[in-house]
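Each remark here refers to the structure printed beneath this line.
The figures here come from the full heavy-atom set of this structure, side chains too, leaving out hydrogens, waters and symmetry mates. Keep in mind that what you see is a predicted model, and the values were worked out from it rather than measured. In what follows, residues are counted from 1 in the order of the sequence shown.
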Amino acid sequence: MTNHHLEAALNPSTASLIRRVRRFLTKLDIPAYAVGGVVRDLVMKRRAIDVDIAVAADASAISEKLAAALDATLIPLDVEKRVVRLLPKGANKGKWQLDIASLQGSLRADLRRRDFTVDAMALDLAKLNLTRNVLTADIIDPAGGLDDIEHRIIRAVSPGCFRHDPLRLLRGVRLKTELGFDIEPATRDIMKRDAKLIGKAAPERVRDELLRLFALPGTYDAVTELDALGLLTAIIPEIAPLRGTEQPREHTWNVLLHSARSIDALDFILRKGEWAFAKTKVLSKIPRGRDIQAYFAGPVSPPSTRYVLTKLAAMLHDIAKPQTRVINQYGQVRFYGHPQEGAPMAAVILERLRFSAREARFVETIVRYHLRPVQMSKDEEPPTPRAIYRFFRDLGDAAVATLYFSLADHLATRGPNLEKGNWNWHTGIVAKLVEEYRRTPPMTAVKRLIDGHDLQRELQLPPGRLMGTMLNELDEAQGAGEITTRKEALAYAEKLMTTPETLSAYTDRSAVENAGIIRDFADATE
C-alpha cells in the first residue's frame, strides 16, 4: 500500500468531536495529531468511536478547559505520562471516547515508541480536511503500518516495545482477534520472550484489556493464543495445571481445552459465533429474544457486562478440577466437589485483577452452580416448583447466565459426540426455567406472608435455628405457589410444628436435590 492519502467517512458524532477539538487547540496554537487506533480504523473503513490525540503541550494542563468545552467528564489515566481521558455527558454519553496525551519528543519519535505498526500512524489535525462527515488527509506512517494493514499483520514497532509497557502483550492478542490479523513470527518470538513481564502491568489495566478481549467474538482463538504465548498462565497461574488434567471418556478435551471450548460454545448458544461440531438447528429449543439479549448486554459493574463475565466464568468454571480429580471404586475418573472448591478460587483470581466485589460474586456464583441446572430433575421429570424456586433464590442475578452457560458446558463436553436425547432433555430444563424467569422475574424480592414475629405470637415458637428453618420452608412453599394467603401460611407452619419429621424430610430433600448427580452428563462432569 503506497498511497499515503486517506479519504474516509466518519460517523457524525466523531466528525463533530474532531472539529471541536481542532477548533479548541487551534485557538491555543497547539500542534495536535490524531494517532493510533483511530487512524487504523479509518484506513480499514471501520467505525471510529475512540479517538486518540497527541499534543505538543502538557495534556493534563489543558484537559480541564477542553473537558468544559466538550461537556465531558475528565479521567486521569497516567499522571506521569500526562494522559487523560474525556467521556461525554448528557445526550452524547457513550457516543465517543477521547484520550489526550503529550507527545514524547517529536511526532515521528513518538510514533516509533508505540506498540504495533498498525497503531503507529498519525494525521495532522491542522492539515486534514473535513467536509461534512468526510475526512481527507495525508497519513504520517514512519513504521510501515499501511503495508502491514494491507498484509493483515500485527508487527511490533521495536524489539523493546513490550518492555516499555508489558500491557502491550495482551493488546497484541486483542488486536489480532479484533482485526482478524496474524502476529508475524518475529513479533511472536518477542512476545513469548517477554510474556512474564505482564505481571508488572497494573492489575486494573490487565482487567480492562481482558474485558475488551472477552467482549469480542472469537475468544476461544484468543485464549489459545494467550496460552501459546505463555500469557494465559502468566496472568492466571492457577490455569497451568488444567493443561495436563485428562478427563473421563465422555469428554472430548482435557480440562484446559474444554474450558476454552466452553467460551466458544457460549458464543454459539447466544448466536454470536459458530460451533464447529454442530449446526444451528441444535439451538432450536433454546429460548431467545430481546429480553435475553438485554440481560446479557446489561452491566454488572460498568463497563463489564453479564455476557463478558459469563465468558470469564467459562474460562474458570473447572479451575479446581486438578486438585479434585480422583479415580473411584469403578475405575472412573471423577472430580467430586470441584464447583464448590472452584468458586472461591475464581473469586480470588478476579479480586487479584481488581474486579469489583459484584463482578467477582457474579462469576463465583456461576462457577459454584454451573452443574445445578442438570441436577434439578430425575429421569424425564421436569424440575419441581420448589427446585425452581431454590435455583433462582440461590443464584440471583447470575441465574439466567448459569442456565445458558450450562448448555455451553454440555456442548464443550461432548464436542463432536453430542447425544440428541440428552441434549434435548437439557435444553428442555433450560426452556422451563427461562419460561419461569419470564413469567415472574425471580430476582425480585417477594414479601413474606408471615414472619418470625407471627411465628412467635401465633405458635409460641422461640427464636432460633428451628424458626430459621421454618421460615425457609415457608418461603419455598410460597415461592412454589403452595401457599398464597396468610391463613394458609399459618396453617402450614402449624402442621410443620406438629410433625417435625416432615420439616426434617424437606430439609434433607433439599440438600440431596442440590448436591445429587443426575444423568450421565452431570455424572461425567462431576
Side-chain contact test, heavy atoms from C-beta onward, threshold under 4.5 Å: evaluate it for V51 versus V21 and give yes or no. no
pair V223-F214: side-chain heavy atoms closer than 4.5 Å: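 Yes; the side chains approach each other to less than 4.5 Å.
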If you apply the rule salt bridge (Lys or Arg N to Asp or Glu O under 4.0 Å), what do you find for R439 with E436, and how did you get there? CA-CA 5 Å; R439 187 180 65 82; E436 180 64 23; 2.6 Å; yes
Charged N-O contact under 4.0 Å between [X] and [Y]:
X    : Y    : value
R372 : D394 : yes
R207 : E359 : no
R361 : E364 : no
R358 : D397 : no
D189 : R193 : no

Is it true that W253 and Y220 have ring centroids separated by less than 6.0 Å?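 No.
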In Å and rounded to the nearest 0.5 Å, what is the [atom1] to [atom2] distance from [X] to [Y]?
X    : Y    : atom1 : atom2 : value
D264 : S259 : CG    : OG    : 13.0 Å
N11  : T14  : CG    : OG1   : 3.5 Å
L231 : M191 : CG    : CE    : 6.0 Å
F116 : C161 : CZ    : SG    : 5.5 Å
L10  : R47  : CG    : CZ    : 11.0 Å
T402 : L407 : OG1   : CG    : 11.0 Å

Atom [atom1] of [X]: over 12 foreign heavy atoms under 6.0 Å:
X    : atom1 : value
K45  : NZ    : yes
N129 : CG    : yes
E64  : CD    : no
R288 : CZ    : no

Residue pair L312, F355: steps toward the side chain to side chain contact (heavy atoms under 4.5 Å, CB included) verdict: CA-CA 12 Å; L312 280 171; F355 282 85; 3.8 Å; yes
Distance to the ring centre below 6.0 angstrom and angle to the axis at most 45 degrees; does that hold for R306 and Y295?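 Yes, a cation-pi geometry holds between R306 and Y295.
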Specify the closest pair of heavy atoms between [X] and [Y], including all atoms of both residues, with the distance to one decimal.
X    : Y    : answer
P142 : R108 : CB-NH1, 3.6 Å
T187 : R155 : OG1-CA, 3.5 Å
A8   : L42  : CB-O, 3.8 Å
L283 : I269 : CD2-CD1, 3.9 Å
V206 : A201 : CG2-CB, 3.9 Å
D194 : F162 : OD2-CB, 3.8 Å

Show, in sequence, the C-alpha distance, side-chain angles and deciding distance for D409 and H258, and conclude whether the side chain to side chain contact (heavy atoms under 4.5 Å, CB included) test is met. CA-CA 8 Å; D409 191 22; H258 162 73; 2.8 Å; yes
Judged by atom type as modelled, is there a donor-acceptor pair below 3.5 Å linking the side chain of [X] to the main-chain atoms of [Y]?
X    : Y    : answer
K311 : L216 : yes
R22  : L125 : yes
R261 : A412 : no
D52  : G36  : no
S16  : S13  : no
R354 : R352 : yes
R85  : L77  : no
S102 : A57  : yes

Given side chain to side chain contact (heavy atoms under 4.5 Å, CB included), test V118 with R40 step by step and report yes or no. CA-CA 6 Å; V118 296; R40 178 199 71 226; 4.1 Å; yes
Worked verdict on R212 versus D208 for salt bridge (Lys or Arg N to Asp or Glu O under 4.0 Å): CA-CA 6 Å; R212 294 185 69 177; D208 291 346; over 6 Å; no
Would D115 and D165 count as a side chain to side chain contact (heavy atoms under 4.5 Å, CB included) if you check the C-alpha gap in whole Å, the side-chain angles of each, and the deciding distance to 0.1 Å? CA-CA 8 Å; D115 48 12; D165 182 1; over 6 Å; no
Only counting residues at least two apart or in another chain, list the ones meeting salt bridge (charged side-chain N to carboxylate O under 4.0 Å, His left out) with R168. none
Please name the residue in the list D227, N254, T233 that meets the side-chain hydrogen bond (donor to acceptor under 3.5 Å, both in side chains) test with R243.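 Output: one option passes, namely D227.
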Do H317 and H370 meet the criterion of a side-chain donor-acceptor pair at a distance under 3.5 Å?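 On atom types as modelled, these side chains do not qualify, holding no pair under 3.5 Å.
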Quick one: do the D267 and Y307 side chains pair a donor with an acceptor below 3.5 Å?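 Distance-only check passes for D267 and Y307.
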